[in-house]
Every structure is written in C-alpha cells, then in structure tokens.
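Reviewing the structure listed below.
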Amino acid sequence: MDRYSVQKVIGEGSFGRALLVLCETSKEKYVVKEIQLPKNQSKVDKSRSEAVLLSRMKHPNIVAFREAFEADDLLWIVMEYCSGGDLLQRIQRQKTAQFCVDEIMKWFAQMCSAAQHIHDKRVLHRDLKSKNIFLTDNGTIKLGDFGSACILNSSKAYAHTYVGTPYYVAPEIWENKPYNNKSDVWSLGCVLYELCTLRHPFQAPSWKSLILKVCRGAYPPLPKHLPYELQYLMKQMFKTNPKDRPSLHTILTSHRVSRLLREHL
Ligand code: ADP
Ligand code: MG
C-alpha cells in the first residue's frame, strides 16, 4: 500500500471507500476501492470476486483493472481513475437542458459495447445504473462497480439479496425469477431513458407502486422530438418478458439502431 499515497476520498458506500491515490513511482492517479473484508469466509470470497471479475475485463469502455491486494482486513482494488465523475452527477448537472441526440447515442453505444463485452465473458453486471457508469476527462464512458457482478449460470433468484436503488431493477427480479443477461438490458434501458429525459422511467411514491409500474412496463413516453428509432428501441428494451427483450448483440446490430448510430456518431 505504501506504493500509493492517498489524495482524497471520492466515494463512500457500505463496502468501504473509494480513494483517489497517486502512484509514487509513476506519479499517475488511480482509484482504489478499499473493501472491508468480512469475518465470514464465504462472504470474503464474494468480496474477492469483484476484483477477479473486473480483472477479466479488457475493454475501452470498462474501468481498467491495475492490481488488487490484501492487507489486514482490507482488500484494495486499484483501477483507472475516471476524472469526469459518474453519469448520475453529469445528468444532475444538466438541470433542465436536454442532452442532444448525438451525445445520447454516443454514450449509449459505448455502454452497450461495454455490457456486451461483459456478457461475452459470461458475466452479468447486475447493478447497471448511472451512478456506476463513469466518465473520463474527455467524456468517454467507463463502466464500473463490479461489486454485484456474477458469473452466468450461477445466478439464483436475486430479489432477496438486492439492497441497491430499485429504479433500475427488471420486472423478472421482482417476480423472483433468476437474473439473466436481459435484466442488464432492462437496466441499460433505464439509463438510456434517463439520458433522454433526465428522469427515471419508473417512479412512484412507494416501493409497492414502483414495482407495479415496473412489472406493467408503464413509463411516460419519450419527448416527441426524439427520433422514432429511439422510441422504438426504448419500447423493445422495456418489454416486460425478458425473452422479448433484445440482447446487446441484437441492439448493436439491428438496422434501426445502426442507422441511429450512423446518423449521430
Ligand atoms: P459502491 O459499491 O459503493 O457503489 P463504486 O465502485 O460504485 O462503489 O464506487 C463508489 C463511487 O466512487 C462511484 O459512484 C463513483 O462516484 C466513485 N468511483 C468509483 N470508482 C471510480 C473510478 N474508477 N473513477 C472515478 N470515480 C470512481
Ligand atoms: Mg456503485
């Protein structure tokens, strides 16, 4: 740990802290996710899996893993620093001015490409949301926070263990069905909607009414000025039956979306 000096705390969560550090030899900045290792051995493996799964990813739109090590009861995951902050902060900074379609499509294509890489490695992210999507100083998307990720096939029903924000959770999860690749697609649909409107697609005063809206797939329509292809894509990503929802491969290769991307990138 003495190879890195801590500059400041940039995030705090139930796991521990995210620290901005300086590497003493290279003088480069990195982020360290400092995780308090639990006393229970089976939970320790769960904490370690975040480092293991992140280290398997190599993609221009996924936070680059540098190294991980343990000392005392702490696990340190050293990774690339994304100085542009997270996408939620970026959306909140926007206040009322909408993003232009070019920007929305550029970010969306980058997130889909990152998520497709994860799925190709037979991993599910399971916590895709604007707060877990980071930006570099030049505005490139970097998907992060593999703290909930798991290997495909080992996924059990998930609702009982879910502790995060409920806005991005797919209907099948509330129905206590297994988490699958299409559940990540649903969550990305929520982020796409947020980029288009600066609001969550599913919002309600109570958990119960929120879950009802999600399970009906009932969201306020996108603003009329957005291209028809985008409205269509939104509808596909919010199909309540995961089988009817497109995979990331389908999204990235569909004629409608490729046309959108061609016109706006
Ligand atoms: P948690 O499990 O608490 O959600 P995250 O990995 O999402 O942990 O990190 C918490 C916060 O710290 C993020 O929302 C983000 O604001 C910041 N953060 C984490 N990793 C990075 C990074 N590589 N670059 C910049 N900010 C980061
Ligand atoms: Mg997070």
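Atoms within a ligand are numbered from 1 in the order they appear, just like the ligands themselves. In what follows, residues are counted from 1 in the order of the sequence shown.
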NZ/NE/NH1/NH2 to OD/OE distance under 4.0 Å, Glu50 and Lys33: yes
Tell me whether the centres of the aromatic rings in Tyr168 and Trp186 are closer together than 6.0 Å. no
Within 4.0 Å of some non-hydrogen atom of Asn132, the atoms of ligand 1 are 4 (O), 7 (O)
Only one of Gln110, His59, Glu80 passes side chain to side chain donor-acceptor pair (under 3.5 Å) with Lys142; say which it is. Glu80
Strictly less than 4.0 Å: does any protein heavy-atom distance to atom 19 (C) of ligand 1 fall in that range? yes
Testing the basics here: between Gln203 and Lys213, what is the closest heavy-atom pair and its distance to 0.1 Å? O-NZ, 2.7 Å
If you measure every N/O of Glu12 against every N/O of ligand 1, is any gap under 3.5 Å? no
Minimum-distance atom from the Mg ion (ligand 2) among N, O or S atoms of Asp145: OD2
Got the closest protein heavy atom to atom 6 (O) of ligand 1, with its distance? Lys33 NZ, 2.8 Å
Among non-hydrogen protein atoms, atom 21 (C) of ligand 1 lies closest to Phe134 CE1, 3.6 Å
Sub-3.5 Å N/O-N/O distance, Gln89 and ligand 1: no
Output yes when the distance from some N or O of ligand 1 to some N or O of Asp145 is under 3.5 Å, and no in every other case. yes
Enumerated ligand 1 atoms positioned under 4.0 Å from heavy atoms of Lys131: 14 (O)
Should we count NZ of Lys243 as having more than 12 external heavy atoms under 6.0 Å? no
Looking at Arg3 and Glu67, is any side-chain nitrogen of the basic one under 4.0 Å from a carboxylate oxygen of the acidic one? yes
Between Glu34 and Arg17, does at least one N-O distance fall below 4.0 Å, as a salt bridge requires? yes
Should Ala18 be counted as touching ligand 1, given the test is an N or O pair under 3.5 Å? no
Answer yes or no: is there a donor N or O on one side and an acceptor on the other, between the side chain of Tyr179 and the main chain of Cys150, under 3.5 Å? no
How far is atom 3 (O) of ligand 1 from its nearest protein heavy atom, and which residue and atom name does that atom have? Phe15 CE2, 2.6 Å
Short N/O distance, under 3.5 Å, between Tyr81 and ligand 1? no
Atom 27 (C) of ligand 1: which protein heavy atom is closest, and how many Å away? Ile10 CD1, 3.8 Å
